[in-house]
Amino acid sequence: MAKNLVIVESPAKAKTIEKILGKDFEVKSCFGHIRDLEKDDMGIDIENNFKPKYVIPEDKEKVVKELKKLAKDTDEVWLATDEDREGEAISWHLCEVLHLDPKTTKRIVFHEITKPAIENAVQHPRKLDMDRVNAQQARRILDRIVGFEISPVLWRKMSMRNSLSAGRVQSVAVRLIVEREREINHFQSVSTFKVEAYFTGKDINGKNISFKADGPGKFKTAEDAEKFLQQCVAAAYTVKDIQVKPGKKSPAAPFTTSTLQQEASRKLGYSVSKTMLLAQKLYESGNITYMRTDSVNLSDTAVGEIEKAIKKSFGDKYHQHRKFKNKNESAQEAHEAIRPTYMENTTVEDSDTRKLYELIWKRTIASQMADAELEKTIAKIDISTNHEELTASGEVLKFDGFLKVYMESHDDEEEQEDEQEGSLPPLAVKQSLDLKEMKATERFSRPAPRYTEASLVKKLEELGIGRPSTYAPTITTIQKRNYVEKRDKEGIKRDFRILVLKADKISKQTESENTGAEKSKLFPTDLGMIVTDFLNQYFNNVMDYGFTAKIEEEFDEIASGKKVWNNMLKEFYFPFHKDVENTLENAERVKGERPLGTDAASGKPIVARMGRYGPMIQIGSVEDEEKPRFAKLKATQSIETISLEEAMELFKLPRNLGLFEGTDVVVNIGRFGPYAQHDKKFYSLKKEMDPYTVELDEVAPLIAEKRTAKDERTIKIFEKEKIQILKGPYGPYIKQGLKNFKIPKEKIDTAADLTVEEAKAIIEEAKANPPKKKAPPRKKKAE
DNA sequence: CAGTGAGCGAGCTTCCGCTTGACTT
């Protein structure tokens with residue numbers, strides 16, 4: 001038994017540190033938090049000054065038991081959890097559970113897992129910082145109160161009430177998406193005309209050249225643009241002035257969780273959860289440093305390694321020592337930036353993680369490289385027939401610097417393309433130019449783009465909302481709650497006008513472009529919008545974009561001993577709780593109704609609204625003698641934007657397509673999407689089939705297809721015993737009635753040879769030994 | 001698996017932030 005027990009949060013870290021510290025130290029991991037607030041009754045004794053009731057969750061019992069045993073048998077326990085607020089709290093919980101004295105137990109921290117950092121930490125232990133622990137408790141308790149008091153309000157007040165939730169982070173994330181959507185819906189596009197002139201001529205060396213110049217500003221109307229072109233008829237063009245300016249570009253800071261998620265999304269098209277999964281793999285295999293971090297700092301050791309790598313591969317002049325500072329005030333910087341552990345590994349074997357690793361490698365190495373040097377040339381071109389001038393500009397890369405390995409991408413790629421500049425040929429002042437043609441092209445202003453997962457993370461980080469470990473789970477949650485969905489949107493065709501001046505004649509053309517197409521963007525659902533409106537109305541304090549930043553300041557005051565944590569909670573809780581009670585008492589049940597007009601056939605009102613099972617259209621009211629008619633909205637439609645015509649279309653279902661094998665085939669949209677019904681059986685329509693237009697000859701093959709699929713799935717049937725041996729996604733299994741049974745491993749390969757007796761025996765065996773309940777029991781979600 | 005849409009009341013859900021596994025019907 002080692003003399004010293006060191007406890008860290010992550011098991012991968014434990015392994016590395018154990019190697020560094022040697023045989024007197026045993027390093028174990030507690031796998032993050034080991035206690036949490038009890039779930040029943042909030043786990044907070046509000047009357048008793050917000051006294052928290054902590055319990056050890058079932059899935060942590062094992063590790064706690066093991067740590068208890070080790071702690072008993074060791075001379076000294078060292079608490080080496082992360083230096084941030086959460087880490088300090090984890091150490092305190094360890095003291096409580098392992099019966100260590102917080103006043104004497106050694107607390108050490110390292111911001112980087114390097115030999116000097118760890119040895120230095122062991123030489124300078126401190127004691128637990130209770131102020132910081134209390135700041136964490138205040139954070140935890142406040143989040144519990146917000147989540148567990150508002151969510152039940154939603155269950156009471158929403159017409160759709162299946163497992164709705166609200167929280168300090170998720171509700172604001174949804175709000176951002178809802179507001180962006182409305183901004184887009186209300187956006188009024190304005191068109192302007194942009195002039196571009198194409199010249200030919202000879203450069204200073206007598207070489208034939210051609211280049212482009214931009215016109216003087218944008219014209220508001222086609223008439224203004226035409227007037228300008230008219231003025232240019234028969235004009236002479238001369239170079240009036242040439243300016244050359246040096247410029248430079250600097251590399252971005254090394255990756256944090258948030259910037260890694262953004263770049264992996266833009267460059268590799270990964271979702272944030274995919275990025276984190278792959279990063280976790282790279283971390284566990286020892287290839288990169290910790291992947292949940294908000295720090296841009298690199299250890300001195302790493303900076304040295306990077307310098308060596310740059311000088312070796314690219315030469316001394318490509319190196320430039322840089323130290324990055326976090327812009328974000330909410331950063332807690334318990335770790336390093338995300339970087340390769342060994343710079344000499346330019347790639348990894350594993351093909352799944354390779355692209356992400358290479359991205360991290362490039363970004364890291366670029367961050368210590370020299371600036372790229374540019375030369376920007378601007379030529380002014382005089383028009384003889386008016387007082388305006390044209391501008392041609394070009395950019396030449398004089399020294400590539402960090403661009404040799406890496407260039408950061410931006411969200412608004414389209415805008416970038418517009419501004420992308422090539423080089424300008426060498427021209428001389430007073431040189432005359434030949435106009436090939438001049439175009440005035442109509443351009444439309446665009447609304448802000450919808451959020452991607454990654455751009456939402458960026459926004460949340462800017463607002464100081466959420467932490468590196470929660471960005472990915474938050475995005476999953478708001479989608480799982482059906483507040484938000486990720487999908488593509490097809491663009492629409494739009495015409496634009498072009499005026500062309502060529503050979504002193506003006507001609508007009510119309511062309512069309514596709515606009516508004518989006519891929520993998522976050523759209524709010526009707527539910528998301530309705531819940532957001534409700535929360536904004538009754539809980540505007542918590543929904544405020546600055547709320548987290550405000551309470552973070554207070555947590556900082558608690559951490560620095562300037563404020564008492566219970567008092568902070570008191571100040572928050574009582575007004576908040578009053579809002580909760582007021583809402584419960586006064587708010588009406590929300591239906592999200594929007595009147596669309598009157599039905600021409602019956603004269604009854606038509607409304608779009610939220611039903612118990614989702615957004616729908618209703619004609620007439622329940623008070624009418626005749627029952628109202630209902631139709632479900634399509635997935636891409638929304639209560640807020642659907643038109644009366646679109647709504648009426650929805651009543652064309654169910655459609656009878658005619659007879660097949662003597663019985664009717666009827667298509668409709670159900671709980672699981674569009675389907676056809678024939679002879680009491682159901683057949684899902686293929687994705688490309690539109691239930692509003694699909695014909696019988698397209699649907700009939702589905703019926704045959706399903707019949708053969710069923711045959712293929714069946715390995716064997718014992719008719720009398722009602723036992724089937726079927727092929728499932730995890731291999732063959734036995735089905736009796738509605739119940740499924742696993743086939744023992746040794747018989748899996750010969751499942752087709754099973755006899756009735758053998759199958760019966762397996763069923764009996766399974767019934768006698770029901771599979772053990774796993775801890776924690778995963779609750780089945782009611783769909 | 002393929003309905004419904006009101007209201008009542010049973011009994012359920014829910015937060016954020018630390019960490020990784022377990023293993024399918």
Side-chain angles (χ1 to χ4, degrees), chain A residues 8-13 29-37 39 42-43 59-60 63 81-82 84-87 89-90 93 136 139-155 159-171 280 284 290 292 334 465-471 473-474 477 481 548 589 591 609-618 621-623 627-632 654 666 668-677 680-684 726-735 739-743 771 774-776 778-779 781-783:
Chain A
V8 298
E9 290 180 40
S10 150
K13 214 190 266 182
S29 146
C30 66
F31 295 85
H33 274 295
I34 53 157
R35 295 203 301 181
D36 193 13
L37 295 172
K39 281 215 167 175
M42 293 241 292
D59 58 339
K60 288 292 163 64
V63 64
T81 53
D82 297 345
D84 55 18
R85 200 162 63 200
E86 299 296 325
I90 292 172
H93 283 297
Q136 191 277 344
R139 197 281 305 155
R140 177 68 192 92
I141 292 168
L142 184 137
D143 281 337
R144 170 55 68 83
I145 289 170
V146 169
F148 276 38
E149 291 214 357
I150 301 185
S151 299
V153 175
L154 293 179
W155 305 338
S159 43
M160 263 187 107
R161 43 183 167 168
N162 45 341
S163 66
L164 298 178
S165 67
R168 175 178 56 85
V169 173
Q170 58 167 284
S171 298
Q280 176 89 28
E284 282 172 14
Y290 197 58
R292 290 186 276 263
I465 299 171
R467 303 279 312 133
S469 68
T470 60
Y471 295 138
T474 299
T477 302
R481 297 266 172 276
T548 292
R589 181 167 283 252
K591 287 182 184 168
R609 71 173 183 92
M610 200 59 158
R612 246 203 298 180
Y613 307 99
M616 60 175 192
I617 306 292
Q618 179 176 340
S621 100
V622 279
E623 283 104 54
K627 255 188 88 170
R629 294 175 68 201
F630 300 105
K632 215 171 139 155
V666 177
N668 201 352
I669 299 179
R671 169 90 170 73
F672 305 98
Y675 67 93
Q677 193 174 18
K680 290 179 191 152
K681 290 197 189 73
F682 296 92
Y683 304 89
S684 290
L726 302 172
K727 223 184 281 175
Y730 312 109
Y733 65 99
I734 298 175
K735 186 181 182 111
K739 280 194 171 160
N740 296 322
F741 301 92
K742 214 167 138 178
I743 298 176
K774 289 281 166 240
R778 282 188 79 79
K779 275 181 200 141
K781 222 168 129 45
E783 270 293 311

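Each chain gets a letter, A, B and so on, in the order its sequence line appears, and its residues count up from 1.
- Look at OH on A:Y471: it is 13 Å from P on B:dT19, rounded to the nearest Å.
- Residue A:R292 has a polar side-chain atom (N or O) positioned under 4.0 Å from OP1 or OP2 of B:dT20.
- Comparing A:Q677 and A:T474 by the nucleotide of DNA chain B whose heavy atom lies nearest to each, the residue mapping closer to the 5' end is A:Q677.
- Put simply, the side chain of A:T81 never gets that close to the backbone of A:V8: no donor and acceptor are under 3.5 Å apart.
- Between the side chain of A:R140 and the base of B:dC15 there is at least one donor-acceptor pair of N/O atoms closer than 3.5 Å.
- Among the heavy atoms of the strands lying under 4.0 Å from A:S684 is at least one base atom, whether or not backbone atoms are also near.
- Looking at which nucleotide of DNA chain B each of A:F630 and A:A166 is closest to, the 5′-most match is held by A:F630.
- Computed from coordinates, the A:Q136 CD to B:dC15 C1' distance equals 13 Å when rounded to whole Å.
- The phosphate of B:dT19 has OP1 or OP2 within less than 4.0 Å of a side-chain N or O from A:Y290.
- No donor-acceptor pair under 3.5 Å is formed between the side chain of A:K632 and the backbone N or O of A:G614.
- The shortest distance between the side-chain N/O atoms of A:S163 and the OP1/OP2 oxygens of B:dC12 is not below 4.0 Å.
- No side-chain donor-acceptor contact under 3.5 Å links A:T470 to the backbone of A:G466.
- Using a 4.0 Å cut-off, no side-chain N or O of A:R144 falls inside it from OP1 or OP2 of B:dG17.
- Rounded to whole angstrom, the span from the CG atom of A:D143 across to the C1' atom of B:dG17 amounts to 8 Å.
- Taking only side-chain nitrogens and oxygens, A:R612 never comes nearer than 4.0 Å to OP1 or OP2 of B:dC8.
- Annotation: the span from A:I34 atom CD1 to A:K60 atom NZ amounts to 8.5 Å, rounded to 0.5 Å.
- The ring of A:F148 lies on top of the base of B:dT14, close enough and flat enough: under 5.5 Å between centres, under 30° between planes.
- Rounding to whole angstrom units, CG of residue A:D59 and C1' of B:dG17 are separated by 14 Å.
- Rounded to whole Å, the separation between the C1' atoms of B:dG9 and B:dT13 comes to 16 Å.
- Side-chain N/O atoms of A:S469 include one lying less than 4.0 angstrom from OP1 or OP2 on B:dC18.
- Nucleic acid contact class of A:R609 (heavy atoms, under 4.0 Å, all strands): sugar-phosphate only.
- Using a 4.0 Å heavy-atom distance criterion, A:G87 is classed as making no nucleic acid contact.
- Using a 4.0 Å cut-off, some side-chain N or O of A:T470 falls inside it from OP1 or OP2 of B:dG17.
- At a threshold of 4.0 angstrom between heavy atoms, the contacts of A:G167 are confined to the sugar-phosphate backbone, with no base atom among them.
- Side-chain atoms of A:R140 and A:D36, non-hydrogen and from C-beta on, do get closer than 4.5 Å to each other.
- The distance between atom CD of A:E149 and atom P of B:dC16, rounded to the nearest whole Å, is 15 Å.
- With sequence neighbours excluded, no residue forms a salt bridge (Lys or Arg N to Asp or Glu O under 4.0 Å) with A:R609.
- Between A:S165 and A:S151 the shortest side-chain heavy-atom distance falls below 4.5 Å.
- No N or O donor and acceptor, one from the side chain of A:R467 and one from the base of B:dC16, sit under 3.5 Å apart.
- For A:Q280, a side-chain nitrogen or oxygen approaches OP1 or OP2 of B:dT20 to under 4.0 Å.
- If you take OH of A:Y683 and C1' of B:dA2, they are 13 Å apart, rounded to a whole angstrom.
- A distance of 6.0 Å separates CD1 of A:I141 from CG of A:L37, quoted to the nearest 0.5 Å.
- OP1 or OP2 of B:dC15 lies within a sub-4.0 Å distance of a side-chain N or O belonging to A:S165.
- Comparing B:dC15, B:dT20, B:dT4 by their nearest atom to the side chain of A:K39 picks out B:dC15.
- A distance of 5.5 Å separates CD of A:E9 from SG of A:C30, quoted to the nearest 0.5 Å.
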_Please determine whether salt bridge (charged side-chain N to carboxylate O under 4.0 Å, His left out) holds for the pair A:K13 and A:D82, giving the CA-CA distance in whole Å, both sets of side-chain angles, and the decisive distance to 0.1 Å._
CA-CA 11 Å; A:K13 214 190 266 182; A:D82 297 345; 2.9 Å; yes

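- Nearest to the side chain of A:Q170, among B:dA2, B:dC18, B:dC16, sits B:dC16.
- Protein atom OH of A:Y613 is 10 Å distant from nucleotide atom P of B:dT4, rounded to whole Å.
- For A:V169, the listed nucleotide lying nearest its side chain is B:dC16; candidates were B:dT14, B:dC16, B:dT19.
- Both thresholds, 5.5 Å between centres and 30° between ring planes, are met by A:W155 relative to the base of B:dT13, so the two rings are stacked.
- Looking at heavy-atom distances under 4.0 Å, A:N668 makes no contact with the nucleic acid at all.
- Contact annotation: A:R589 does not reach the phosphate of B:dA6 (side-chain N/O to OP1 or OP2, under 4.0 Å).
- The separation between A:I669 atom CD1 and B:dA2 atom C1' is 12 Å, rounded to whole Å.
- Across all strands shown, A:P628 has no heavy atoms under 4.0 Å from either base or sugar-phosphate atoms.
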*Could you provide the dot-bracket string of DNA chain B, using ( ) for intrastrand pairs, [ ] for crossing pairs and | for bases paired to another strand, with Watson-Crick or G-U pairs below 3.5 Å?*
.........................

